[in-house]
Each structure stands twice: as structure tokens, then as C-alpha cells.
Asks: 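The structure's right below; bear with me while I get my questions together.
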Amino acid sequence: MNAIQSIRGTKDILPNESHKWQILEATAREISSSFGYRELRTPIFEKTEVFSRGVGDGTDIVNKEMYTFNDKGNESLTLRPEQTAALVRSVIQNNLLQENPVTRLYYIGQYFRYERPQKGRLRQFHQFGIECINSPYPESDAEVIMLAINFIKRLKINDYRLLLNSIGNEESRKNYKTALVAFLTANKDGLSEDSRNRLDINPLRILDSKATNDIDIVKNAPIILDFLDEESQLHFNTVKSLLDSVGIKYDINPLLVRGLDYYSHTVFEFQSTHLGSQDAFGGGGRYNGLFTELGGKDTPAVGFAMGMERLLLILEQLNGDMNKQYQVDAMVIPTDAKHIELAMQVHNLLVDSHTCIVELNRRSLKAQLREANKLGVRYALIIGDDEANKNAVTIKYMAEEKEQKLIQINDLLNNLE
RNA sequence: GCGGAUGUAGUUCAGUCGGUAGAGCACCAGAUUGUGGCUCUGGUUGUCGUGGGUUCGAGUCCCAUCAUUCGCCCCA
């Protein structure tokens with residue numbers, strides 16, 4: 001029989017790696033709580049229309065990358081490719097906006113996209129994100145970015161860039177699209193094949209094409225910031241000055257557009273040079289249209305998501321190997337199988353105060369001490385014939401050349417230094 | 001979905017011109033029968049990613065397939 005392998009693009013997080021995930025998750029939770037955000041957990045799968053309507057029918061995510069299947073009741077279900085649409089579904093369904101004028105939520109979870117795996121891109125991947133719901137004002141955009149920056153800082157990532165742009169409200173964007181399409185159509189012959197195809201479907205995406213001839217053409221293209229109406233402009237300017245006032249640095253990049261349909265006004269992205277071609281480790285923006293798209297009341301919202309695998313790639317380049325061997329305080333060492341009962345009793349004495357393990361393979365004293373040494377155990381609690389006869393243990397301090405012989409087990413806890 | 005590279009013990013890798021596999025580390029066991037690290041000695045481990053083909057003979061050559069990886073695309 002062949003051994004079974006994990007699915008392509010999925011990864012086991014092994015015991016010596018889980019430590020760094022725990023750090024990352026703990027940091028995300030601390031920052032979120034300290035800003036007054038509470039966790040929302042939604043199911044891993046949803047009705048397909050949550051994403052086809054929420055993420056947008058024209059996007060690659062919906063068209064090519066979703067894990068969609070029919071269940072036994074012949075209903076089309078989809079493994080969530082991102083969180084925002086499902087979160088909005090839950091907020092609407094559970095009336096979470098009843099209680100608070102502004103609802104602040106965060107999430108940590110796994111997401112699924114059928115893509116070609118490469119560094120920093122898996123088919124099952126993890127994201128941490130937040131959503132600030134029900135404020136139309138630029139101060140909520142600024143709060144979300146401020147939270148993200150503080151998260152990044154707390155992780156001690158200092159080599160990153162915040163790219164910022166506004167794609168305006170619907171009307172500004174419509175006017176801009178018309179101008180952009182007109183310009184690009186006039187230069188159609190010079191565009192890459194991909195971009196010519198996108199001209200009808202999603203012309204904004206041509207702006208961040210990596211094809212060199214596209215880049216040359218786009219240099220002279222009209223700029224969205226020139227098409228913002230008064231409202232959109234005021235919103236964007238306020239976001240910028242709020243960021244300035246708390247000392248957050250950003251680069252305006254008028255070519256930054258997001259891949260998902262629901263964005264409007266502020267869009268932003270975090271990039272790092274440590275990631276190769278998948279250089280964005282986080283991104284977000286405002287999505288005022290999503291609630292009505294999913295059948296809720298018109299509700300403004302803004303949020304971001306970060307790719308946790310990518311964050312860990314950055315952290316490892318900054319800090320080296322973050323794996324940590326597990327720490328054991330004490331090891332109970334019966335020299336013979338007949339002392340196992342006493343060994344278990346000693347273990348039971350220590351459970352509330354120490355990490356403790358007992359030999360389960362009846363190996364020799366020597367083998368057990370070797371393991372104790374390898375694990376960096378502080379106390380080896382040796383139980384041989386002499387000890388067992390007196391209901392006692394010998395405490396051997398591994399780091400020092402020191403032993404306390406024949407300590408009664410009633411006194412053991414008092415005697416551990 | 002497209003293009004390039006790679007796949008040999010637990011791990012990192014070597015393996016010539018085709019002749020059915022090796023090293024370091026790790027692991028296990030010993031070095032006058034109750035004591036780890038250092039040293040020494042010995043030992044285990046592989047369907048050579050998988051399936052076909054060529055050949056007297058394939059880790060080596062050919063094809064397919066799976067996986068990893070680097071780009072494209074897309075995104076976090």
C-alpha cells in the first residue's frame with residue numbers, strides 16, 4: 001500500500017512549527033482586542049452565491065479559483081476563498097449592527113483557492129483580518145490602517161511599504177473607467193494579450209500589469225485621482241491627514257487597484273521585499289457596496305486582510321529559524337519496569353506545577369538520561385530499587401553536578417529547587 | 001491555465017561512460033551490570049517520487065504522471 005499524501009498546495013503545520021503560528025495568532029488577537037475588535041468565526045463553507053455575489057462575478061477568484069461542489073441535497077457550496085463576504089453575510093443574518101453604531105470585528109482562519117502553488121501561495125492558506133463596519137467617515141479608514149501598522153510593528157517587521165490610493169465613489173470610478181478605456185483603446189495595439197482581454201472585463205486591472213509594454217502605456221494613462229469628485233477627494237484627503245497626524249508613512253500609488261469588486265474609496269496594500277514575486281502580505285480598503293449586494297441595508301465598511309504564511313516568511317528572514325523545541329521541566333526515570341507505579345505517582349504529584357514526562361518504552365537508565373539531556377530537562381527524578389523501597393526519588397539536577405538522594409515523595413515538591 | 005528547474009535513508013546531499021546504492025548529521029546499542037553531555041566502537045534505515053518503455057541489465061536514457069520550487073497569471 002502506498003502511503004497517502006496531503007493535497008497539493010496544503011501543508012501540515014508540524015509540532016516544531018506551531019510555536020511561531022501561536023505567536024502570530026496571539027499578536028493578532030492582542031492588537032485587535034486592544035482596539036476594541038471582537039472575533040467573529042464563520043463556517044468554512046457557504047452557499048456559493050455568498051461569494052459569487054459578494055466577491056464579484058467578474059473576478060478570477062470566483063471564476064477560476066473557488067472550491068465549489070454540490071452537496072447531497074444538490075446545493076452548490078463553496079469553501080470560503082476569503083472572509084469579508086461571509087462575514088458580511090453573518091453580520092446581516094445575526095443583526096450584529098443592532099447593538100452598536102459601529103461594529104468592530106476580527107478573524108483568523110483558513111481559506112481556499114485553487115491556484116498554482118508557489119512560495120507564499122497555497123491552496124489552503126491562513127489570513128488574519130479586521131472589519132470596521134458602519135462608519136462612512138475617513139476616521140474609520142485611518143483606524144483600520146493604524147491597527148494594521150501597529151500589528152506589523154509589534155511583529156518587528158520594519159521593512160515594509162504601505163501603498164495607498166483611492167478609487168473614489170461609484171460615480172467617480174465610472175467616469176474614470178470611461179476615460180481609461182478610451183485611452184487604452186486608442187493604444188490597444190501596444191497592449192499585451194492579457195490586457196487586451198481585460199479591456200472589456202476589468203480595465204482597472206491593466207494598471208498594475210507587469211508586462212513591460214503595458215507599463216509604458218500605463219505611464220501616460222489618465223489617473224484616477226484626477227477623477228475623484230468633491231466627496232471622494234475630501235474623504236481621501238482626510239484619510240491622508242489623519243495618517244500624517246499619527247506619523248504613519250505611506251506612498252500614494254495611483255496604479256493600485258484591488259482585485260475584488262466590492263472596493264470603493266480607500267484602497268491600500270502592504271508590500272515587503274522579502275517575499276519574491278508574491279510581494280504583498282496584506283491589503284484592504286473600503287467596501288461600501290457589499291452589504292446591499294448581499295441583501296442587507298446599505299452599510300459602509302472598511303477592513304484589511306493579511307496573509308499569515310507570508311508574514312511568517314518575512315519573520316523568518318528577519319529572525320532566522322523561529323522553531324522552538326518543546327521544554328520539559330522534569331522527567332521521571334524508573335530504572336526498571338517494576339517501578340512504573342511509583343513513577344506515575346510522582347508524575348501525578350507534579351502535574352499542577354511542572355511540565356513532566358515519564359518513560360513509556362521501558363528503556364534503560366542511560367537511554368532515559370540521554371533523552372533528558374537532549375530535551376534540556378531540569379530535573380531527572382530517578383526511581384531505582386533503593387528509592388522504591390523507601391518510597392522516595394533521587395533528584396538529579398541535569399545542568400549542575402548535583403543530586404539529592406532519597407527524597408521522600410511527600411517532600412518532593414518542597415525539595416525541588 | 002502557461003513556461004523553466006528539481007525529486008536518491010529521518011535530514012542534507014554524493015552516485016563517473018547504463019552493471020540492482022554511499023557519506024555527514026540524526027537515531028539506536030555498547031565501552032567491567034544505578035547516571036546524560038565529550039570521545040571511541042558497532043548497528044538500523046531506502047519499492048532511488050510513481051507508472052510505463054528501451055536494454056542482457058536503468059538511480060542513470062526515453063515517455064507519462066504526481067509533488068516541490070522559480071516565474072507568468074492572480075492575490076494575501
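Quick note on labels: first sequence line is chain A, next is B, and so on, each numbered from 1.
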Asks: Among Y111(A), Y107(A), Y106(A), which one satisfies side chain to side chain donor-acceptor pair (under 3.5 Å) with Q83(A)?
Replies: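 When side chain to side chain donor-acceptor pair (under 3.5 Å) is applied between Q83(A) and each of Y111(A), Y107(A), Y106(A), only Y111(A) qualifies.
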Asks: Any idea which of C2(B), A76(B), G36(B) is nearest the Q127(A) side chain?
Replies: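 Nearest to the side-chain atoms of Q127(A), counting from C-beta on, is A76(B).
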Asks: Please give the distance between the C1' atoms of G4(B) and G37(B) as a whole number of Å.
Replies: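 That atom pair is separated by 48 Å.
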Asks: More 5' along RNA chain B: A367(A) or E371(A), using each one's nearest nucleotide?
Replies: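 Taking each residue's closest nucleotide, the earlier one in sequence belongs to A367(A).
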Asks: May I ask you to verify if any side-chain N or O of R370(A) is less than 4.0 angstrom from the OP1 or OP2 atom of C27(B)?
Replies: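 No, R370(A) has no side-chain N/O under 4.0 Å of OP1/OP2 on C27(B).
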Asks: What about R310(A): does its side chain form a donor-acceptor pair under 3.5 Å with the base of C75(B)?
Replies: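 When only heavy-atom distances are counted, R310(A) does reach the base of C75(B) through a donor-acceptor pair under 3.5 Å.
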Asks: Among G36(B), C73(B), G34(B), which nucleotide sits nearest the side chain of K396(A)?
Replies: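 The listed nucleotide nearest to K396(A)'s side chain is G36(B).
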Asks: Judged by each residue's nearest nucleotide on RNA chain B, which is more toward the 5′ side, I383(A) or G120(A)?
Replies: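 Nearest nucleotide further toward 5': that of I383(A).
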Asks: Please state how far atom CZ in R363(A) lies from atom C1' in U33(B), giving the value in whole angstrom units.
Replies: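 These atoms are roughly 19 Å apart.
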Asks: Rounded to whole angstrom, note down the P distance from C17(B) over to C61(B).
Replies: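 It comes out at 10 Å once rounded to the nearest Å.
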Asks: Does a side-chain N or O of Q118(A) approach OP1 or OP2 of G71(B) to a distance below 4.0 Å, or not?
Replies: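 The answer is yes; a side-chain N or O of Q118(A) sits under 4.0 Å from OP1 or OP2.
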Asks: Check whether the side chain of E403(A) and the base of U35(B) form a donor-acceptor pair under 3.5 Å.
Replies: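 Side chain to base: pair found, below 3.5 Å.
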Asks: Check each of L350(A), I395(A), V393(A), V332(A) against Y379(A) using the side chain to side chain contact (heavy atoms under 4.5 Å, CB included) test, and report the only one that passes.
Replies: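 Of L350(A), I395(A), V393(A), V332(A), side chain to side chain contact (heavy atoms under 4.5 Å, CB included) with Y379(A) is met by I395(A) alone.
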Asks: Check whether any side-chain N or O of R121(A) sits under 4.0 Å from OP1 or OP2 of C73(B), and answer yes or no.
Replies: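 For R121(A), the contact criterion (side-chain N or O under 4.0 Å from OP1 or OP2 of C73(B)) is not met.
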Asks: Please report the distance, rounded to the nearest Å, between NZ in K64(A) and P in C72(B).
Replies: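 Value for this atom pair: 14 Å.
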Asks: Report yes or no: is the cationic atom of R123(A) (NZ for Lys, CZ for Arg) under 6.0 Å from the centre of the six-membered ring of F112(A), at an angle within 45° of the ring normal?
Replies: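 That pair does not qualify as a cation-pi contact.
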Asks: Suppose you measure atom C1' in C63(B) against the same atom in A58(B); what distance do you get, rounded to whole Å?
Replies: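 Going atom to atom, C1' in each nucleotide, I get 14 Å.
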Asks: Determine the interatomic distance between C1' on G46(B) and the same-named atom on U41(B); round to the nearest Å.
Replies: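 Pairwise C1' distance, G46(B) against U41(B), rounds to 25 Å.
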Asks: What nucleotide among U35(B), A67(B), U69(B) has an atom nearest to a side-chain atom of R8(A)?
Replies: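 Output: A67(B).
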Asks: Taking the side chain of E387(A) as heavy atoms from C-beta outward, which of C70(B), G34(B), G36(B) is closest to it?
Replies: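 Between C70(B), G34(B), G36(B), the one nearest the side chain of E387(A) would be G34(B).
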Asks: Identify the two heavy atoms, one from L79(A) and one from F69(A), that lie closest to each other, and give their separation to 0.1 Å.
Replies: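 Residues L79(A) and F69(A), closest heavy atoms: CD1-CE2, 3.8 Å.
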Asks: Could you check whether F281(A) and the base of A76(B) form a stacked pair, meaning centres closer than 5.5 Å and planes differing by less than 30°?
Replies: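 Check failed, F281(A) does not stack on base of A76(B).
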Asks: Give a yes/no answer on whether the side chain of R113(A) brings an N or O atom under 4.0 Å of OP1 or OP2 in C75(B).
Replies: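 No.
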